[in-house]
There are 2 protein chains.
Amino acid sequence: MIDITKPFVIYATCTVEYEGRACSTLDEGNYIILYKKDKSLLIHSGDKSTPINYQPSGTLLHLDGQQILARRKSEMIKITMRQIIHYACLENWSINELKIRKTERELVNKIVNNMSDYIDREGVVTCEYPTELGKIDIMLEEKGGVKHIIEVKRCKATINHCVQLEKYYNAIGEPQSRLYIAAPSIANSALNYAKSKNIKYIEVLFD
Amino acid sequence: MIDITKPFVIYATCTVEYEGRACSTLDEGNYIILYKKDKSLLIHSGDKSTPINYQPSGTLLHLDGQQILARRKSEMIKITMRQIIHYACLENWSINELKIRKTERELVNKIVNNMSDYIDREGVVTCEYPTELGKIDIMLEEKGGVKHIIEVKRCKATINHCVQLEKYYNAIGEPQSRLYIAAPSIANSALNYAKSKNIKYIEVLFD
DNA sequence: GTGTCAATGTCGATA
DNA sequence: TATCGACGTTGACAC
């Protein structure tokens, strides 16, 4: 009945045992079992977005009566099914890429590739500029030594984002540094706060 | 036909759009859609163990013809189905905890809580003792200054584990430090190597 | 292949 | 409810 050579979904009353990087057991219950084209195996409980147990790509299945043995390198999952409530073979399961847009990265790239549109100074541009307090999204260093610190947000900029920027300012420890918050929009309160702290707001929009 | 008030699995030819923390689109194809008891929504492609798109716990569904709208706070997923290949309502989907045993953490705790059984010295015990080369599993510091460095492994100890221990020794830079490898068992070659390097093997078993 | 690092990380614990 | 740290992290990219 079950064809373990093809991707499938099973809804079954079962127990699950795992042995490998750790050991684990799962009490009997009704769980969803997914077997994918890339030979990854997922066992999903009735909550959480992560599987309650899984085996990565490259897992080989052996079916022995009501028992599924899933092996991969030195790892093993044993599923003992008391009752199969539901089984479906998944023909032509698609493998596609998710196209992600409107990320912070996209805005960072836009600024870096058109720096002169946003800051009228020349210098060395560094992304992910490291400091004790984490990475600065964009750093523009003039030859003269003046540093321009740009914090990029993909959504509306808030006061908290400005505070974060000031922390970087202190971490850098160079009073002549200049601060910028770049985002598609900025909250009114944040804009007032920014002005009072000499932080310049840069409007940067998604294409 | 579809009851969106109950957990379900659907296999459908569909497209998926997401808007929220970022934006994303997914080309038409056959995907598995899971809706769980905790109102989390998962869309699984034919590979990878992570869902190609998802919405965390607390997502509310609206069904409009062949279109599922999933909303949660400021996030939204829209699934447009051209054909439902498969639908099953998942009654009594279990929510259980995975019981994880035999972790390295378990052995570390056992040693720390019964230190005198393993090392006949008094001193300050620190887990995850930081060094340049990473964290030492367990550090026992005597008042006199002598340091006991313990590396814990949940499986059979190997020569590589001993080498790792020597790196810590060098990182600490205190020649009078003493080295221990703790594991349920040790390879013969590793035991010989350990002896030659003045590393003591501690047998620690899972309860 | 191995090592390093980001992630729409996810998830649990804690304040 | 917000923040912090761990994860059998996973997954992508550099080497």
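Quick note: numbers below take in every heavy atom, side chains included, and nothing from hydrogens, waters or symmetry partners. Naming: A, B, ... by sequence-line order, numbering from 1 per chain.
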For this session: Send over the distance from B/Lys36 NZ to C/dC11 C1', rounded to a whole Å.
Result: 13 Å
Problem set entry | d(CG, A/Asp47; C1', C/dC11) in whole Å | 11 Å
Problem set entry | Separation of C/dT8 P from B/Leu41 CG (nearest whole Å) | 17 Å
Exercise. What is the nucleic acid contact for B/Glu19, judged by heavy atoms within less than 4.0 Å: base, sugar-phosphate only, or nothing?
Worked result: nothing
Exercise. NA contact type, A/Leu98, heavy-atom cut-off 4.0 Å: base, sugar-phosphate, or nothing?
Worked result: base
Exercise. Would you say C/dC11 has OP1 or OP2 under 4.0 Å from some side-chain N or O of A/Ser49?
Worked result: yes
Exercise. OP1 or OP2 of C/dT8 less than 4.0 angstrom from a side-chain nitrogen or oxygen of B/Arg72, does that happen here?
Worked result: no
Seminar exercise, completed: As its Watson-Crick or G-U partner within any shown strand, both distances under 3.5 Å, D/dC4 has C/dG12
For this session: Would you mind telling me which residue lines up with the more 5' stretch of DNA chain C, B/Cys23 or B/Glu97, judged by nearest nucleotide?
Result: B/Cys23
Seminar exercise, completed: By nearest-nucleotide position on DNA chain D, the 5'-leaning member of B/Lys73 and A/Tyr54 is B/Lys73
For this session: Sticking with atom C1', work out how far C/dT8 lies from D/dA14, rounded to a whole angstrom.
Result: 24 Å
Exercise. Counting only heavy atoms not in B/Glu97, do more than 12 fall under 6.0 Å of its CD?
Worked result: no
Exercise. Roughly how far, to the nearest 0.5 Å, is the NE2 atom of B/His44 from the CD1 atom of A/Ile32?
Worked result: 10.5 Å
Exercise. In whole Å, what is the span from the CG atom of A/Asp38 to the P atom of D/dT10?
Worked result: 13 Å
Exercise. Given B/Gln55, which of B/Ile43, B/Leu61, B/Ile77, B/Leu60 fulfils the side chain to side chain contact (heavy atoms under 4.5 Å, CB included) condition?
Worked result: B/Ile77
Exercise. Between A/Ser40 and A/Asp38, does any side-chain donor sit less than 3.5 Å from a side-chain acceptor?
Worked result: yes
Exercise. Nearest-Å distance, NZ (A/Lys99) to P (C/dT8)?
Worked result: 17 Å
Exercise. What is the distance from CD1 of A/Ile52 to P of D/dT9, rounded to the nearest Å?
Worked result: 17 Å
Exercise. Could you give the CZ-to-C1' distance, from B/Arg154 to D/dC7, as a whole number of Å?
Worked result: 15 Å
For this session: Assess whether salt bridge (charged side-chain N to carboxylate O under 4.0 Å, His left out) is satisfied between B/Lys153 and B/Asp137, documenting all intermediate values.
Result: CA-CA 9 Å; B/Lys153 288 296 153 192; B/Asp137 291 327; 5.4 Å; no
Exercise. Can you tell me if the side-chain N/O atoms of B/Thr50 get under 4.0 Å from OP1 or OP2 in D/dG11?
Worked result: yes
Seminar exercise, completed: Here the distance between atom C1' of D/dA2 and atom CD1 of A/Ile159, to the nearest Å, is 17 Å
Exercise. What's the closest nucleotide to the B/Lys48 side chain, out of C/dC11, D/dG11, C/dT8?
Worked result: D/dG11
